[in-house]
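Accompanying notes for the structure given below.
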Amino acid sequence: MISLAFVLTCLLIIIAPGPSLAVMLTQSLRSGRTAGLATVAGNTLGLVVWATASAFGLTALVRTSEIAFVVLKVAGAVYLCWLGIQSLLRSRREPARLAEEQPTAKRSPLASLRAGFMTNVTNPKAAVLYLALLPQFLPPDGNPLVDTFVLAAVQMALSASYYTLVVLAIGLARRVLSRPLVRRWMDRVSGLVLVGLGIRMVTLSRAAL
């Protein structure tokens with residue numbers, strides 16, 4: 001049932017830059033490997049929500065209901081912009097103050113997990129991913145509910161594995177990335193990216209999905 005075409009399709013979708021990757025990078029750079037891995041876990045929990053909704057047909061609401069779609073994308077846009085503004089405000093701190101701060105003490109793993117979860121669960125593209133992708137690979141003679149969960153589990157495993165590798169790679173370079181001046185510019189860049197993704201999400205139409 002798990003075809004090579006399904007795995008390759010999932011990988012292409014996963015590695016495409018988006019809100020989830022941006023938030024994971026921000027959390028990892030700001031608070032270290034533990035925070036980054038917690039964000040990955042939160043993102044995976046969000047996928048569990050969408051997989052369950054897809055299995056029971058609830059994600060169809062996002063595709064067919066204009067109100068549900070607008071509410072979801074506005075909530076996601078506001079959250080991304082809020083995260084981005086936080087990063088931009090941090091970038092305005094004095095270099096001396098940044099040097100005194102302990103990067104790993106800035107954010108608890110629970111807060112990072114929540115950031116990953118909220119970013120995923122308020123992203124209408126994540127909902128449509130499960131609504132549009134999984135049915136294409138369901139075997140005609142199988143159990144739709146069970147097969148949906150199996151495909152979703154594979155997609156989640158691929159997603160979590162890829163993002164974990166990204167977080168670990170950032171951890172190896174964090175000694176350089178945690179320097180005050182570098183952190184300041186990283187906060188600026190990540191803040192602008194998150195705000196930009198939030199604005200883009202507001203302008204997102206269902207046709208674009």
>> Looking at every heavy atom in both Ala38 and Ser112, which two are closest together, and how far apart are they?
In response: CB-CB, 4.0 Å
> Just by distance, do the side chain of Ser159 and the backbone of Gln155 share a donor-acceptor pair under 3.5 Å?
Replying inline: no
>> Within this structure, what is the CG-CG distance for the pair Leu168 and Leu37, rounded to the nearest 0.5 Å?
In response: 6.0 Å
> Atom CG of Leu113 and atom OG of Ser108: how far apart are they, to the nearest 0.5 Å?
Replying inline: 9.5 Å
> Do Val48 and Leu110 share a hydrophobic cluster (ILVMFWY, side-chain heavy atoms under 4.5 Å, transitive)?
Replying inline: no
> Which ILVMFWY residues can you reach from Leu4 by hopping between side chains whose heavy atoms are under 4.5 Å apart?
Replying inline: Leu8
> Looking only at heavy atoms, what is the nearest atom pair of Ala152 and Ala51, with distance?
Replying inline: CB-CB, 3.5 Å
> How would you list all residue pairs meeting side-chain hydrogen bond (donor to acceptor under 3.5 Å, both in side chains) that involve residues 5-17, not counting sequence neighbours?
Replying inline: none
>> As a test of understanding, state which of Leu47, Val49, Leu45 forms a side-chain contact (heavy atoms from CB on, under 4.5 Å) with Asn120.
In response: Leu47
>> For Gly46 versus Phe117, what's the shortest heavy-atom pair and its separation?
In response: N-CD1, 3.5 Å
>> If I compare all heavy atoms of Ala157 with all of Ser161, which pair ends up nearest, and what's the gap?
In response: O-OG, 2.7 Å
>> Test of understanding: with side-chain contact (heavy atoms from CB on, under 4.5 Å), list the residues that count as partners of Ile85, not counting sequence neighbours.
In response: Leu89, Val195
> How far apart are the closest heavy atoms of Cys10 and Leu158, and which atoms are they?
Replying inline: CB-CD1, 3.8 Å
>> If I take atom OH from residue Tyr163 and atom CD1 from residue Ile15, how far apart are they, to the nearest 0.5 angstrom?
In response: 10.0 Å
>> Looking at Asn43 and Thr39, would you say the former's side chain and the latter's main chain have a donor-acceptor pair under 3.5 Å?
In response: no
>> When you group the ILVMFWY residues by side-chain heavy-atom contacts below 4.5 Å and let the links chain together, are Leu151 and Val7 in the same group?
In response: yes
> Rounded to the nearest 0.5 Å, how far apart are CE of Met118 and CG of Asn123?
Replying inline: 12.0 Å
> Say you draw a straight line from CE of Met24 to OG1 of Thr164; how long is it, rounded to the nearest 0.5 Å?
Replying inline: 8.5 Å
> Transitively linked via ILVMFWY side-chain contacts under 4.5 Å: Val146 with Met156?
Replying inline: yes
